[in-house]
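A short write-up of the structure that comes next.
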Amino acid sequence: MPWMSGPSYGTFVERNNMPNYDVVTVSFENVATIQRYLEPWVHANRLSHLTVVDNASKDGTVPQLQAVLLPQQIQLNTDNIGYAKAANQGAAVGRQPYIAFINPDCFVQSDTVCKLVEFLHENPQVGIVGCRVLNENGGLQAASCRRLPTFWRVFNHITGLYHLGLPGINKSEQKSLQSGSVEAINGALFVIRRDLFEQLNGFDEAFPLHFEDLDLFARCLKSRHEIFYLADYQATHLQGASTQDNKRVKRWKKHGLKRYFLKHRPRWEQWFVNRLTS
């Protein structure tokens, strides 16, 4: 599908045959943000079905979940099993034809997610859809609209050569103003068809944290479904709001990068990435 323009764009928002959808959120020590995150979903229309999977938070997140959600909406793990496995766990609870994966530090109105779901419903060739993601100050989050990793894109990204016009991971801010087919969107908020998610066997649970979204996007494209970015809708994301062990997160990022290249890139790129991250 080409970049959208003209009178056909936006016609899908006038339809009233909205399907139901599941919302899956994985929490881990999000006491600072979880109440704000839950607010629109507590009062959301009956089309959405929220499940929160908590990865053994010990900071007060769980009591906040229990104060506002029904018991069947909460999955409590006794250990931190990682994002990918917990997200699959939450998705397995639902039965609706679309799944919205939303981080607990990503704030969005339920009506916005409805528009993303409706877009998928009206465009069967699209498998995944996302929107503009902003920082708390209203500035664009660079990862809103991005490319899948290759060696040269990663190299240009980490060396800053993308400032000179060489392609990096994230697309330019100007590109983020346009709706269209892309290789990747922000993993903090996206909607996917349930049948496609199940066809792809969900998230690869060998990714503990980071790159599991990019791996899912790559597999979506290989299945000949499009990924679409809608610039007219937005959410706010507080990056890194979960309490995390920085050393462990860095280790997980390296593991995720290596696994992504092992699955999706040629051997010479794998070799260089392994050397860069050793």
Residue pairs involving residues 73-93 (criterion ring pair (Phe, Tyr, Trp, His ring centres under 6.0 Å); sequence neighbours excluded): Tyr83-Phe203

Side-chain heavy atoms of Leu38 within contact of Leu50, under 4.5 Å: yes

Joint cluster assignment, Leu262 & Leu148, ILVMFWY side-chain distance < 4.5 Å: no

Closest heavy-atom pair and its distance - Val26, Pro104: O-CD, 3.2 Å

Trp152 and Trp268 aromatic ring geometry - parallel, tilted or perpendicular at 30°/60° bounds: tilted

More than 12 heavy atoms of other groups within 6.0 Å of Arg224 CZ: no

Working for side-chain hydrogen bond (donor to acceptor under 3.5 Å, both in side chains), residues Gln89 and Asn77: CA-CA 10 Å; Gln89 176 184 341; Asn77 293 329; 3.1 Å; yes

Polar side-chain atom of Thr61 near backbone of Val31 as donor-acceptor pair, under 3.5 Å: yes

Ionic contact status for Arg146 with Asp213, cut-off 4.0 Å: yes

Side chain to side chain contact (heavy atoms under 4.5 Å, CB included), paired with Trp41, selected from Ile102, Val52, Leu69, Val68: Ile102

Shortest non-hydrogen separation from Leu189 to Cys131 and the atoms involved: CD2-SG, 3.7 Å

Side-chain donor-acceptor contact under 3.5 Å, Glu205 with Asn88: yes

Distance-only donor-acceptor check, side chains Ser27 and Asn30, under 3.5 Å: no

Heavy-atom pair with the smallest gap, counting every atom of Gly130 and Leu116: O-CD2, 4.1 Å

Flag, side chain of Arg265 to backbone of Phe151, donor-acceptor distance under 3.5 Å: no

Residues Lys263, Asp204: salt bridge by 4.0 Å N-O rule: yes

Salt bridge Asp22-Arg194, side-chain N to carboxylate O under 4.0 Å: yes

Partner of Glu183 under salt bridge (charged side-chain N to carboxylate O under 4.0 Å, His left out), chosen from Arg153, Lys171, Lys222: Arg153

Criterion side-chain hydrogen bond (donor to acceptor under 3.5 Å, both in side chains) on Glu226 and Ser181, from CA distance to verdict: CA-CA 6 Å; Glu226 291 182 55; Ser181 293; 2.3 Å; yes

Which atom of Phe261 lies closest to which atom of Pro149, heavy atoms considered: CE1-CB, 4.0 Å

Heavy atoms from other residues, nucleotides or ligands near CD of Gln109 exceed 12 (cutoff 6.0 Å): no

Nearest heavy-atom neighbours spanning Ser57 and Val62: O-CG2, 4.2 Å

side-chain hydrogen bond (donor to acceptor under 3.5 Å, both in side chains) assessment of His121 paired with Tyr98: CA-CA 9 Å; His121 189 61; Tyr98 303 95; 3.1 Å; yes

Over 12 foreign heavy atoms within 6.0 Å of CD, Gln73: yes

Audit row: Phe101, Phe197, ring-ring contact (aromatic ring centres under 6.0 Å, His included) steps and yes/no: CA-CA 11 Å; Phe101 289 99; Phe197 188 74; 5.2 Å; yes

Beyond-backbone contact of Arg193 with Pro124, side-chain heavy atoms, under 4.5 angstrom: yes

Side chains of Asn55 and Glu29, donor plus acceptor under 3.5 Å: no

Within 6.0 Å of CD in Gln199, more than 12 heavy atoms from elsewhere: yes

Basic-acidic side-chain contact under 4.0 Å: Arg219, Asp215: yes

Nearest-0.5 Å distance, CD1 of residue Ile74 to OG1 of residue Thr51: 10.0 Å

Ring center gap for Phe190 and Phe217 short of 6.0 angstrom: yes

Ring center gap for Phe228 and Phe119 short of 6.0 angstrom: yes

Common cluster, Phe28/Ile81, ILVMFWY with side-chain heavy-atom separation under 4.5 Å: no

Reference residue Ile227; test side chain to side chain contact (heavy atoms under 4.5 Å, CB included); the match among Ile192, Ile185, Val129: Ile185

For Ser48 against Val23, the heavy-atom pair lying closest together: CB-CG2, 4.3 Å

Lys258 atom NZ: more than 12 heavy-atom contacts under 6.0 Å: yes

Donor-acceptor pair between Thr33 and Asp105 side chains, under 3.5 angstrom: no

Cation-pi, Tyr233 ring and Arg132 (6.0 angstrom, 45 degrees): no

Separation of Phe107 CZ from Leu134 CG (nearest 0.5 Å): 13.0 Å

Side chain to side chain contact (heavy atoms under 4.5 Å, CB included) between Ser110 and Tyr21, intermediate numbers included: CA-CA 11 Å; Ser110 60; Tyr21 60 94; 4.3 Å; yes

Neighbour count above 12 (heavy atom, 6.0 Å) for Gln72 CD: yes

Verdict with supporting geometry, Tyr37 and Thr25, side-chain hydrogen bond (donor to acceptor under 3.5 Å, both in side chains): CA-CA 10 Å; Tyr37 167 76; Thr25 296; 2.4 Å; yes

Point-to-point distance, once rounded to the nearest 0.5 Å, from CD of Gln141 to NE2 of His237: 5.5 Å

Intermediate values then yes/no, side chain to side chain contact (heavy atoms under 4.5 Å, CB included), Val191 and Ile128: CA-CA 6 Å; Val191 183; Ile128 297 175; over 6 Å; no

ILVMFWY cluster, Leu200 and Val24 together (side-chain gap under 4.5 Å): yes

Distance (rounded to the nearest 0.5 Å) between Leu70 CG and Leu65 CG: 12.0 Å

Separation between CG of Leu230 and CD of Gln178, rounded to the nearest 0.5 Å: 13.0 Å

Interatomic spacing from OG in Ser144 to NZ in Lys175 - rounded to 0.5 Å: 15.0 Å

Derivation and outcome, side chain to side chain contact (heavy atoms under 4.5 Å, CB included), residues Gln66 and Leu76: CA-CA 10 Å; Gln66 294 171 329; Leu76 299 179; 3.8 Å; yes

Residue pair Val126 / His225, side-chain heavy-atom distance below 4.5 Å: no

Phe211 vs Arg259, side chain to side chain contact (heavy atoms under 4.5 Å, CB included): CA-CA, chis, key distance, verdict: CA-CA 9 Å; Phe211 289 92; Arg259 180 161 181 78; over 6 Å; no

